[in-house]
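Both backbone and side-chain heavy atoms feed into the values below; hydrogens, waters and symmetry mates do not. This structure is a prediction, so every number in the text was calculated from the model and none was measured.
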Amino acid sequence: MTHAVRTSLLQTSSTSYSVRTRLSTPRFRNRSLLIMASSALPPVVSAGSAECDQTLSSRKETLRRMYQESQKAFPAVQAITCDQLQDLLQASDPVVLVDVRSPDEQQVSILPGNVVRKEDFDGHHKEYANHKIVTYCTIGARSGKYAQQLVDQGVPQVYNLEGSIIAWTQEGNPLVRGDNSHTPTTQVHTFGKQWDLVGDGYQSIQYGAIQ
């Protein structure tokens, strides 16, 4: 049974927020970093949804169903799993990870690797002509729609990370802060309560104002 414990209220700069922590420690494999992200930390508040009390296997199944439903909006996009992405990152072929989330979400954490914001990737597709392009967001819905746009524009080798950053944590993979510190972190922005399905050993953070 997965146990969740709540930390005390934290104060970072002038922003107060709390986080929900899951017990266990993530594994750290790929640490190569090229980060492009915002520097402003948003007001956030902890989760507290019913999903937080699910077992890891139940969270994985919930996320799988969510992603499966979202795929209806991007039928032409090929999905890639976290394990497949790990293999790509460790191979010799160049890979670019396109983070379609907001700068506020990216500030909390991003995937390690050659990460580029959607805004920085738009209009520069030709610079990554020899790259495999992997889009990601919270669960893969927003990134899947963006990947569909790229496919419709004729951009080759486009993949969407199935379950995205939430699935990444469920597999115990590392995260880093989306600022210039490149510091490993276990915090992840889950956007809203219904997506609070992070893996054991990670801290779920959400917007305070999002309903």
Side-chain angles (χ1 to χ4, degrees), residues 2 4 20 22 26 44-88 95-106 108-111 115 117-119 121-122 132-173 175 187-211:
T2 300
R20 179 179 288 275
R22 296 191 190 281
V44 290
V45 67
S46 72
S49 60
E51 289 85 353
C52 292
D53 298 321
Q54 293 180 357
T55 63
L56 179 58
S57 60
S58 295
R59 278 175 266 144
K60 285 185 175 183
E61 176 59 21
T62 300
L63 180 60
R64 185 194 67 79
R65 291 197 304 267
M66 284 182 171
Y67 184 76
Q68 189 175 49
E69 179 65 23
S70 71
Q71 277 185 301
K72 297 175 182 178
F74 42 91
V77 175
Q78 183 173 345
I80 186 173
T81 67
C82 292
D83 285 344
Q84 290 171 332
L85 177 56
Q86 282 281 19
D87 291 340
L88 279 182
V95 179
V96 59
L97 307 176
V98 182
D99 191 329
V100 308
R101 300 174 302 154
S102 70
D104 289 342
E105 295 169 88
Q106 295 165 356
V108 176
S109 63
I110 59 176
L111 271 61
V115 178
R117 291 190 303 171
K118 170 185 174 294
E119 292 77 12
F121 186 79
D122 285 337
K132 288 183 171 62
I133 300 165
V134 180
T135 61
Y136 78 92
C137 59
T138 304
I139 69 166
R142 286 175 289 172
S143 56
K145 293 176 182 178
Y146 179 65
Q148 182 70 61
Q149 294 175 18
L150 296 178
V151 170
D152 292 344
Q153 294 170 23
V155 179
Q157 301 190 95
V158 177
Y159 306 87
N160 188 44
L161 182 58
E162 183 175 342
S164 282
I165 199 169
I166 300 300
W168 188 258
T169 68
Q170 289 180 348
E171 297 303 320
N173 292 316
L175 297 171
Q187 293 185 342
V188 57
H189 203 303
T190 57
F191 196 84
K193 289 183 178 181
Q194 73 181 95
W195 300 286
D196 180 21
L197 301 166
V198 298
D200 295 340
Y202 295 85
Q203 298 172 328
S204 172
I205 295 178
Q206 298 164 14
Y207 284 116
I210 287 182
Q211 301 300 317

- Check: D196 main-chain N/O paired with T190 side-chain donor or acceptor under 3.5 Å: no

- Item | Check: S164 side chain, G140 main-chain N or O, donor-acceptor pair, under 3.5 Å | yes

- Item | F74 to S70 - nearest heavy-atom pair and separation | CE2-O, 3.1 Å

- Given the rule in the side-chain contact (heavy atoms from CB on, under 4.5 Å) test, do Y136 and V98 qualify, once you have shown the distances and angles that lead to the verdict? CA-CA 6 Å; Y136 78 92; V98 182; over 6 Å; no

- Note on the structure: With S143 as partner, the option from I165, N160, L161 fulfilling side-chain contact (heavy atoms from CB on, under 4.5 Å) is N160

- Query: How close do V155 and V158 get, heavy atom to heavy atom, and via which atoms?
  - Reply: O-CG2, 3.4 Å

- Smallest heavy-atom separation, W195 atom then I139 atom, equals CD1-CG2, 3.5 Å

- Query: Checking side-chain contact (heavy atoms from CB on, under 4.5 Å) for the pair L175/T169: CA distance, chi angles, key distance, verdict?
  - Reply: CA-CA 8 Å; L175 297 171; T169 68; 3.8 Å; yes

- Query: In Å, rounded to the nearest 0.5 Å, how long is the span from CG of L111 to CD of Q86?
  - Reply: 8.5 Å

- Which atoms form the tightest heavy-atom contact between V198 and S204, and what is the distance? CG2-CB, 4.2 Å

- Query: Could you state the interatomic distance from CG (L197) to CG (L56), rounded to the nearest 0.5 Å?
  - Reply: 10.0 Å

- Query: What class does the angle between the rings of F191 and H189 fall in, given that below 30° is parallel, 30 to 60° is tilted and above 60° is perpendicular?
  - Reply: tilted

- In short, A141 meets C137 closest at the heavy-atom pair N-SG, 3.5 Å

- Item | Lys/Arg-Asp/Glu bridge criterion (N-O < 4.0 Å) met for R59, D200 | yes

- Beyond-backbone contact of D122 with Y146, side-chain heavy atoms, under 4.5 angstrom: yes

- Query: Do Q148 and Q153 come close enough that some side-chain heavy atom pair is under 4.5 Å?
  - Reply: no

- Task: Check step by step if side-chain contact (heavy atoms from CB on, under 4.5 Å) holds for V188 and W168.
- Result: CA-CA 10 Å; V188 57; W168 188 258; over 6 Å; no

- Check ion pair E69-R64 (N to O, under 4.0 angstrom): no

- Between the main-chain N or O of R117 and the side-chain N or O of Q106, is there a donor-acceptor pair closer than 3.5 Å? no

- Rounded to the nearest 0.5 Å, what separation is found between the CD atom of Q84 and the CD atom of E162? 8.5 Å

- pair Q170-L63: side-chain heavy atoms closer than 4.5 Å: yes

- Looking at side-chain heavy atoms only, is the closest gap between K132 and Y159 below 4.5 Å? yes

- Message: How close do A79 and Q71 get, counting heavy atoms only, and between which atoms?
- Response: CB-NE2, 4.2 Å

- Distance col, row T62:OG1 vs Q194:CD, nearest 0.5 angstrom, shows 11.0 Å

- Out of curiosity, L97 CG to I110 CD1, how far, rounded to the nearest 0.5 Å? 9.0 Å

- Task: Hey, could you give me the CG/CG distance between L88 and D83, rounded to the nearest 0.5 Å?
- Result: 11.5 Å

- Query: Does a sphere of radius 6.0 Å around NZ in K145 hold more than 12 heavy atoms from other residues, nucleotides or ligands, not counting ones at 6.0 Å or beyond?
  - Reply: no

- Report the C-alpha separation of E105 and S102 in whole Å, then their side-chain angles, then the decisive distance to 0.1 Å, and conclude whether the side chain to side chain donor-acceptor pair (under 3.5 Å) test is met. CA-CA 5 Å; E105 295 169 88; S102 70; 3.0 Å; yes

